[in-house]
Amino acid sequence: TLEEGLGKRVPLARILTVIEKKQSDLEYARSLQLDGRRDQVDNPDVERVATVLSLGVSRKELATLFGFDYKAPNHMRVIATEILGYGKAMGYDPELLERVVSTGLTQEAFTSDWSYFIKVASESRRKDIPDSLVAETAINVLLEHGALDELIGELGVSITPSASPPEDN
């Protein structure tokens, strides 16, 4: 917040730049999701999409995910953006991320539990399970419209969600 930044003696110009960028990201995220599609999204989803812009996902990538290439509903696209963003932030192979995201959207298989895919990927790395095996297993589970728990079981990992995943809309 503004007060925190000033309290830490961050120059006001820098604080304002960050705030303006966040506002721009929110407006862009809102424009992606509220452009007359069959389903609308609420503010938490807009914020979730805007957040991934700070994680290395480009506006062009978001435009692709929210474009007409996929028939998946917006809540699945939001999950896909988070997988892409948090995956990039952890240094996951972009090609593997693209394949997982594309499969989930094409198959319309992303349920709210898939929001935790990156936690599964991270835990798999700690257990020395290659990213390629995690991605291939995830793709196979998604092709069967399986839940994230199926992926967890097949990989033999466990995760503890920090909060309940967002509800499917």
4.5 Å side-chain heavy-atom contact, Ser124 and Val120
yes
Nearest non-hydrogen partners of Glu108 and Pro73, listed with the distance
OE1-CD, 4.0 Å
Val78 and Phe110: side chain to side chain contact (heavy atoms under 4.5 Å, CB included), yes or no, with the steps?
CA-CA 10 Å; Val78 171; Phe110 283 138; over 6 Å; no
Taken to the nearest 0.5 Å, the spacing of Thr111 OG1 from Met76 CE works out to 7.5 Å
Applying salt bridge (charged side-chain N to carboxylate O under 4.0 Å, His left out), which residue pairs with at least one partner in residues 133-152 are found, sequence neighbours left out?
Arg99-Glu136
Mark yes or no for whether Ser122, through its side chain, and Ile118, through its backbone, hold a donor-acceptor pair below 3.5 Å.
no
Donor-acceptor contact below 3.5 Å, side chain Asp113 vs main chain Leu148:
yes
Who passes side chain to side chain contact (heavy atoms under 4.5 Å, CB included) against Ser54, sequence neighbours left out?
Thr51
How would you list, by chain and number, every residue that makes a side chain to side chain donor-acceptor pair (under 3.5 Å) with Gln23, sequence neighbours excluded?
Glu27
Going by the rule side chain to side chain contact (heavy atoms under 4.5 Å, CB included), which residues pair with Ala138 if we only count those two or more places apart in sequence or in a different chain?
Val100, Trp114, Phe117, Leu151
Please list, chain by chain and in numerical order, all residues satisfying side chain to side chain contact (heavy atoms under 4.5 Å, CB included) with Pro94, sequence neighbours excluded.
none
If the test is side-chain contact (heavy atoms from CB on, under 4.5 Å), which one of Leu65, Val49, Thr81, Leu84 qualifies with Val57?
Leu84
On a heavy-atom basis, the closest approach of Ala109 and Leu142 is CB-O, 3.4 Å
Please step through salt bridge (charged side-chain N to carboxylate O under 4.0 Å, His left out) for the pair Arg48 and Glu82, ending with a clear verdict.
CA-CA 7 Å; Arg48 289 168 63 195; Glu82 289 180 324; 2.7 Å; yes
Which atom names give the shortest non-hydrogen contact between Ser158 and Ile152, and what distance separates them?
CA-CG2, 4.3 Å
4.5 Å side-chain heavy-atom contact, Ser112 and His75
no
Where the side chain of Arg77 meets the backbone of Leu62, is there a donor-acceptor pair that is under 3.5 Å apart?
no
So OG1 of Thr137 and CG of Leu133: to nearest 0.5 Å the spacing works out to 4.0 Å
Least distance between heavy atoms, Ala135 atom then Tyr92 atom:
N-OH, 3.8 Å
Under the side chain to side chain donor-acceptor pair (under 3.5 Å) test, residues paired with Arg125 that sit two or more places apart:
Asp131
Taking atom CG of Leu105 and atom OG1 of Thr64, what is their separation to the nearest 0.5 Å?
11.0 Å
For residues 86-98, which residue pairs qualify under salt bridge (charged side-chain N to carboxylate O under 4.0 Å, His left out), counting only residues two or more places apart or in two chains?
Glu61-Lys88
Arg126: partners by salt bridge (Lys or Arg N to Asp or Glu O under 4.0 Å), with sequence neighbours left out:
Glu123
